[in-house]
Undergrad: 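Here it is: the structure, laid out below.
Below, chain A is the first sequence line, B the second, and so on; all start at residue 1. Below, each value reflects all heavy atoms present in this structure, side chains not excepted, and no hydrogens, waters or symmetry copies.
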There are 2 protein chains.
Amino acid sequence: MQLSRADVLDGAIEILDQYGLADLTMRRLASSLGVRPGALYWHFTDKQTLLAAITDHTLAPALDGCDAEQDPAAALRALAVRIRDALLARRDGAEVASASFAAGLSGDGVRVELTAAARAAGLTEPEASYAAETLLLLVVGQVLDEQTRMQMDSAGALAAGDSPLDDPSARAGTSRGADRFAFGLDTFLAGLLGLPAQRPAGAR
Amino acid sequence: MQLSRADVLDGAIEILDQYGLADLTMRRLASSLGVRPGALYWHFTDKQTLLAAITDHTLAPALDGCDAEQDPAAALRALAVRIRDALLARRDGAEVASASFAAGLSGDGVRVELTAAARAAGLTEPEASYAAETLLLLVVGQVLDEQTRMQMDSAGALAAGDSPLDDPSARAGTSRGADRFAFGLDTFLAGLLGLPAQRPAGAR
DNA sequence: ACCTGAACACCGTTCAAGT
DNA sequence: ACCTGAACACCGTTCAAGT
């Protein structure tokens, strides 16, 4: 059967989720699809474009805005959380997204939605787009940190020959990431909307 | 003469500043030093470690805390600005730093100083370190964006065959980056310290 | 201690030629 | 239209052997 653009994208996502970004090479992708490396370049002009397509696919669930019934401040916060969840759900999602954003090949969708949500929350034009970009920075940077730590933890655990059981410190690390994310997000939103910073329930 | 670790570091920084991170390869560095690639591995265990040394060198000026006479909130803000200036002064500084931080091979210095400044500004223990990490995220992410845009602008200008004269839009882009940085930083600090967000003077 | 020579195991991308 | 064959121009890293 003939290879479609969607087949290439699906194959890339499968390698990414199973082996991580370092193992997602054009040559490896080609051989997993039973094709020569050059064949991929008929469907995607280069690797950056392929990564951007992965980013769009990763972020799509965050843009299916659910209920528009909430108050605007809560809606803005909820959008940031949905973006975080989407990135976190894909292995190395933040690193791939960060590269795609830097290349200018993805991220318009989230930026548009974030800007609209910021406007709905009462911000005027120059601030709304600054706020959107800063929020995106905050979310991507945070998840980048979290996923880097995950990958180092699992590599370390493997190297040390630890048992593959979930250990409590790993779970603690995860919830620490969530706490830090909530802290950064709520602090920024407090400054943005003039609310008093409502700190998340104290340290665990 | 024999090659020292400092020679390797200096050579790397020279290539970085003149040609950018993409051209800073171990092979190119070796040939610019008149040595075989393998020789570098006697002085640095690997490329990541070399990049981390560059990051330390880049950030050093930001840690020479000048006057400690200001009020703590202003000192925290000034530290963030000095970190931005240091990253901005080195070509691809934010990208190199971001890689070094992710690898866990650099960044302790700035994190310690930021945490101390946050404590001095009245934050208690869990918040002070969260605030430090979030501020670092904000600064690095912001400069990453700015430097990426710079590099795309200069590449675009070259490709389009534009005259090498400084054009007004390039200067405008630079000051827009500064405005956005000030917005993100001041908004976050307002949320952090409970101050009213003092927006920078309106759009230019 | 410090470096060379030479290899190992890869990369992304291009492009004439085939079907 | 879609893909192969085969190359081009590179990478980071290792390591016996030299001095």
Side-chain angles (χ1 to χ4, degrees), chain A residues 1-16 18-55 92 95-96 98-100 102-106 148 151-152 155 159, chain B residues 1-16 18-55 92 95-96 98-100 102-106 148 151-152 155 159:
Chain A
M1 235 282 283
Q2 224 176 238
L3 205 62
S4 73
R5 193 182 152 95
D7 293 333
V8 177
L9 180 57
D10 288 351
I13 289 176
E14 207 177 317
I15 291 179
L16 183 60
Q18 262 178 42
Y19 305 99
L21 182 57
D23 283 346
L24 177 51
T25 68
M26 297 302 267
R27 300 178 102 101
R28 175 155 181 179
L29 174 56
S31 86
S32 93
L33 294 169
V35 99
R36 292 306 178 112
L40 302 177
Y41 291 83
W42 199 91
H43 298 281
F44 289 90
T45 56
D46 56 18
K47 191 179 178 180
Q48 279 197 326
T49 308
L50 173 59
L51 292 180
I54 296 178
T55 299
D92 294 332
E95 196 174 350
V96 174
S98 159
S100 303
L105 297 172
S106 182
T148 299
Q151 146 183 21
M152 288 202 313
Chain B
M1 236 283 282
Q2 225 177 235
L3 205 62
S4 72
R5 192 182 154 96
D7 292 333
V8 177
L9 180 57
D10 288 350
I13 289 177
E14 207 176 318
I15 292 179
L16 183 60
Q18 263 179 41
Y19 306 100
L21 182 57
D23 283 347
L24 176 51
T25 69
M26 296 304 266
R27 301 177 100 101
R28 175 155 182 179
L29 175 56
S31 87
S32 94
L33 293 169
V35 100
R36 293 307 181 105
L40 303 177
Y41 291 85
W42 199 91
H43 298 280
F44 288 92
T45 56
D46 56 18
K47 190 180 179 180
Q48 278 198 328
T49 308
L50 173 59
L51 292 180
I54 296 177
T55 300
D92 295 333
E95 195 175 349
V96 174
S98 159
S100 303
L105 297 171
S106 183
T148 299
Q151 147 183 20
M152 289 203 310

Undergrad: Quick one: B/Met1 CE to C/dC2 P, roughly how many Å, whole number?
TA: 11 Å
Undergrad: Represent DNA chain C in dot-bracket notation, 5' to 3'. Only Watson-Crick or G-U wobble pairs with both distances under 3.5 Å count; pseudoknot-style crossings use [ ] and interstrand partners use |.
TA: ||.|||||...|||||.||
Undergrad: Between C/dC2 and D/dC15, how far is it from one C1' atom to the other, in whole Å?
TA: 14 Å
Undergrad: Which nucleotide, D/dA1, D/dT4, C/dC3, lies nearest any side-chain atom of B/Leu3?
TA: C/dC3
Undergrad: Distance check: side-chain N/O of A/His43 vs OP1/OP2 of D/dC3, anything under 4.0 Å?
TA: yes
Undergrad: What's the shortest heavy-atom distance between A/Ala12 and A/Ile54, and which atoms?
TA: CB-CD1, 3.9 Å
Undergrad: For B/Arg5, what residues pass the side-chain contact (heavy atoms from CB on, under 4.5 Å) criterion, not counting sequence neighbours?
TA: B/His43, B/Phe44
Undergrad: Between C/dA9 and D/dC8, how far apart are the P atoms? Round to whole Å, please.
TA: 22 Å
Undergrad: Under 4.5 Å between any side-chain heavy atoms of A/Glu95 and A/Thr148, yes or no?
TA: no
Undergrad: Can you find a heavy atom in the side chain of B/Leu24 that is under 4.5 Å from one in the side chain of B/Val96?
TA: no
Undergrad: Can you measure A/Asp7 atom CG to D/dC3 atom C1' for me and round it to whole angstrom units?
TA: 14 Å
Undergrad: In whole Å, I'd like the distance from the CH2 atom of A/Trp42 to the C1' atom of C/dA17.
TA: 17 Å
Undergrad: Using a cutoff of under 3.5 Å, can you pull out all pairs of nitrogen or oxygen atoms linking the protein to nucleotides 6-12 of chain C, with atom names and distances?
TA:
{"unit_1": "C/dC11", "atom_1": "OP1", "unit_2": "A/Thr25", "atom_2": "OG1", "d": "3.3"}
{"unit_1": "C/dG12", "atom_1": "OP1", "unit_2": "A/Met26", "atom_2": "N", "d": "3.4"}
{"unit_1": "C/dG12", "atom_1": "OP1", "unit_2": "A/Lys47", "atom_2": "NZ", "d": "2.9"}
{"unit_1": "C/dG12", "atom_1": "OP2", "unit_2": "A/Met26", "atom_2": "N", "d": "3.0"}
{"unit_1": "C/dG12", "atom_1": "N7", "unit_2": "A/Arg27", "atom_2": "NH1", "d": "2.6"}
{"unit_1": "C/dG12", "atom_1": "O6", "unit_2": "A/Arg27", "atom_2": "NH1", "d": "2.8"}

Undergrad: Check whether any side-chain heavy atom of B/Val35 lies under 4.5 Å from a side-chain heavy atom of B/Val8, and answer yes or no.
TA: no
Undergrad: Side-chain contact, heavy-atom cut-off 4.5 Å: A/Leu105 with A/Leu51?
TA: no
Undergrad: Do A/Leu33 and A/Leu40 make a side-chain contact, defined as non-hydrogen atoms from C-beta onward lying under 4.5 Å apart?
TA: yes
Undergrad: Taking the side chain as every heavy atom from C-beta outward, state whether A/Arg27 and A/Pro37 have any pair of such atoms under 4.5 Å apart.
TA: yes
Undergrad: Given atom CZ of B/Arg5 and atom P of C/dA1, what is their separation to the nearest angstrom?
TA: 16 Å
Undergrad: Check the side chains of A/Thr55 and A/Ser100 for a donor-acceptor pair under 3.5 angstrom, ignoring hydrogens and angles.
TA: yes
Undergrad: What is the separation between atom CG on B/Leu40 and atom C1' on C/dC3, rounded to the nearest whole Å?
TA: 11 Å
